[in-house]
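Following: one structure in structure tokens, then a few remarks.
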Amino acid sequence: MNFNRRNFIQRSFASAAGITAASLLPYDIYGNGLHSSYHPEEIILKPENRPAPKESINFAVIGINHGHIYGMVGALLQVGGKLVSVYVKEPDLLKQFTARFPDVKVAKSEEEILEDKSIQLVASSIIPVERAPLGIRVMKAGKDYMSDKPGITTFKQFNEVKKVQKETGRIYSIMYSERLGNPASVKAGELVQQGAIGKVVQTIGLGPHRMRPESRPDWFFYPEKAGGILTDIGSHQCDQFLYYTNSKKADVNFSQIANFNTKDYPNYQDFGDMSVKSDHATGYIRIDWFTPEGLPTWGDGRTFILGTEGYIELRKYVDISGRKGDNHLFLVNKKEMKYFDCSQVYLPYGEQLVNDVVHRTETAMTQNHCFLATELALTAQKMAKKINV
């Protein structure tokens, strides 16, 4: 091969000149974006001035084996719900509940509540495996039902719940609180519906939790009672995938479960992940019980929503980069980069559910959505490959 020294030197000078010229161009026309600042515009959302609730219902509580019941009751009380009575088997749990709500009537039995025609809805966070059977009894008694998640733990329960719900026409609502009870998640839904990131094509949901075995009841460690990690926490993430992608049908691509570090309970699952899809979107979900003690809250839960014209990230419970508090939302699209403090965003679920009970509508959540989120979680749990360690 002939080497032309003169041409090589000419090309070298041309390349050097090009590099020098490029260094004089504005920095921000390159990969760091079209905008001159790395700092998003910060928006602190203010509380809405909302009218007083128009509707009211009487409701009762049966079973309070998980602390989520307090958020569920609060969601109803804040919007016109009236807590009439409570029935709890465990004296210590009942004492805690009546300390919080001293005016509530303590029923002597479940039947006393089910036979009370003034009660329109029953809320429960009873042991997970007992939630669906209770819900069936509630619906057959002519009342609507609000369950903590997981609201159903087996396919046998699932089929019976769907059958009775269709026969009775009652509401079977599962409070997926990581969306319905989280202000940043509610704001994300508003932005998605406004088209802020275009068409949503994927969600990634991360649901880490802190493991403190001494604070957990015995039933918590047995999948036959608690449902398994994908049935339980996974139902939150399935709900969010369906909601943000506006998917009416969906399937599970793969799922896995493992017990990496909870050796005292060999059947327990402290890790799970899964992939889901609809005809126009995909989703990845990872759940674990490995939140380290150094984190100042129970879990660094995050959701990523990818659209054709931008993306949203939710840092729901903590921002480890330094922002105080919780309910942090980041938005990036073709026009802007924004940070939203969503801590004062209104949560509409309670008011919508009360209105649905009164008017027989489906504004809080359609029944099909409620069941599909659970079906995805149950399917993932059933088909999950167990990682042996």
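These numbers come from a predicted model, not from an experiment. Excluded from the calculations below are hydrogen atoms, water molecules and symmetry mates; all remaining heavy atoms, backbone and side chain alike, are included.
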Have [X] and [Y] got a donor and an acceptor in their side chains that come within less than 3.5 Å?
| X | Y | value |
| --- | --- | --- |
| Asp148 | His68 | yes |
| Tyr243 | His369 | no |
| Thr363 | Asp356 | yes |
| Thr303 | Gln240 | yes |
| Asp319 | Ser321 | yes |
| Glu48 | Gln344 | no |
| Tyr349 | Ser173 | yes |
| Asn182 | Asn327 | yes |
| Glu224 | Asn267 | no |

- Item | Test log, rule side chain to side chain contact (heavy atoms under 4.5 Å, CB included), inputs Met72 and Met146 | CA-CA 8 Å; Met72 296 162 65; Met146 177 190 189; 3.7 Å; yes
- Query: What do you reckon, is NZ of Lys156 surrounded by more than 12 foreign heavy atoms closer than 6.0 Å?
  - Reply: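 Atom NZ in Lys156 is not crowded, with 12 or fewer foreign heavy atoms closer than 6.0 Å.
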- So with a 6.0 Å cut-off around OH of Tyr311, is the heavy-atom count from everything else above 12? no
With a 4.0 Å cut-off on N to O distance, would you call [X] and [Y] a salt bridge?
| X | Y | value |
| --- | --- | --- |
| Glu178 | Lys149 | no |
| Arg315 | Glu313 | yes |
| Glu375 | Lys382 | no |
| Lys338 | Glu42 | no |
| Asp144 | Arg360 | yes |
| Glu309 | Lys199 | no |
| Glu112 | Lys105 | yes |
| Asp251 | Lys277 | no |

Mind telling me whether [Y] and [X] have parallel, tilted or perpendicular rings, with 30° and 60° as the class edges?
| X | Y | result |
| --- | --- | --- |
| His236 | Tyr176 | perpendicular |
| Phe155 | Phe158 | perpendicular |
| Phe220 | Trp289 | perpendicular |
| Trp298 | Tyr317 | tilted |

- Determine, stepwise, if the pair Phe304 / Leu206 fulfils side chain to side chain contact (heavy atoms under 4.5 Å, CB included). CA-CA 9 Å; Phe304 302 84; Leu206 306 179; 4.0 Å; yes
- Going by the side-chain contact (heavy atoms from CB on, under 4.5 Å) test, name the single residue among Leu372, Thr379, Leu376 that passes it with Cys238.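 That would be Leu376; it is the only one of Leu372, Thr379, Leu376 passing the side-chain contact (heavy atoms from CB on, under 4.5 Å) with Cys238.
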- Task: Could you grab the distance from atom CG of Asn388 to atom NZ of Lys386, nearest 0.5 Å is fine?
- Result: 6.5 Å
- Message: As an exercise, state the distance from CZ of Arg179 to CG of Leu314, rounded to the nearest 0.5 Å.
- Response: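 Result: 12.0 Å between the selected atoms.
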Between [X] (side chain) and [Y] (backbone), is there a donor-acceptor pair under 3.5 Å?
| X | Y | answer |
| --- | --- | --- |
| Asn58 | Ser118 | yes |
| Asp273 | Ile285 | no |
| Arg286 | Pro208 | no |

Search all heavy atoms of [X] against all heavy atoms of [Y] and return the closest pair with its distance.
| X | Y | result |
| --- | --- | --- |
| Leu134 | Ser124 | CD2-OG, 3.4 Å |
| Asp288 | Phe271 | CB-CD1, 4.2 Å |
| Leu353 | Ala364 | N-CB, 3.7 Å |

- Item | Test item: Asn65 and Trp219 side chains (from C-beta on) under 4.5 Å apart, heavy atoms | yes
- Message: Hydrophobic cluster membership, with links at side-chain heavy-atom distances under 4.5 Å among I/L/V/M/F/W/Y: are Ile197 and Val201 in one?
- Response: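 Different hydrophobic clusters.
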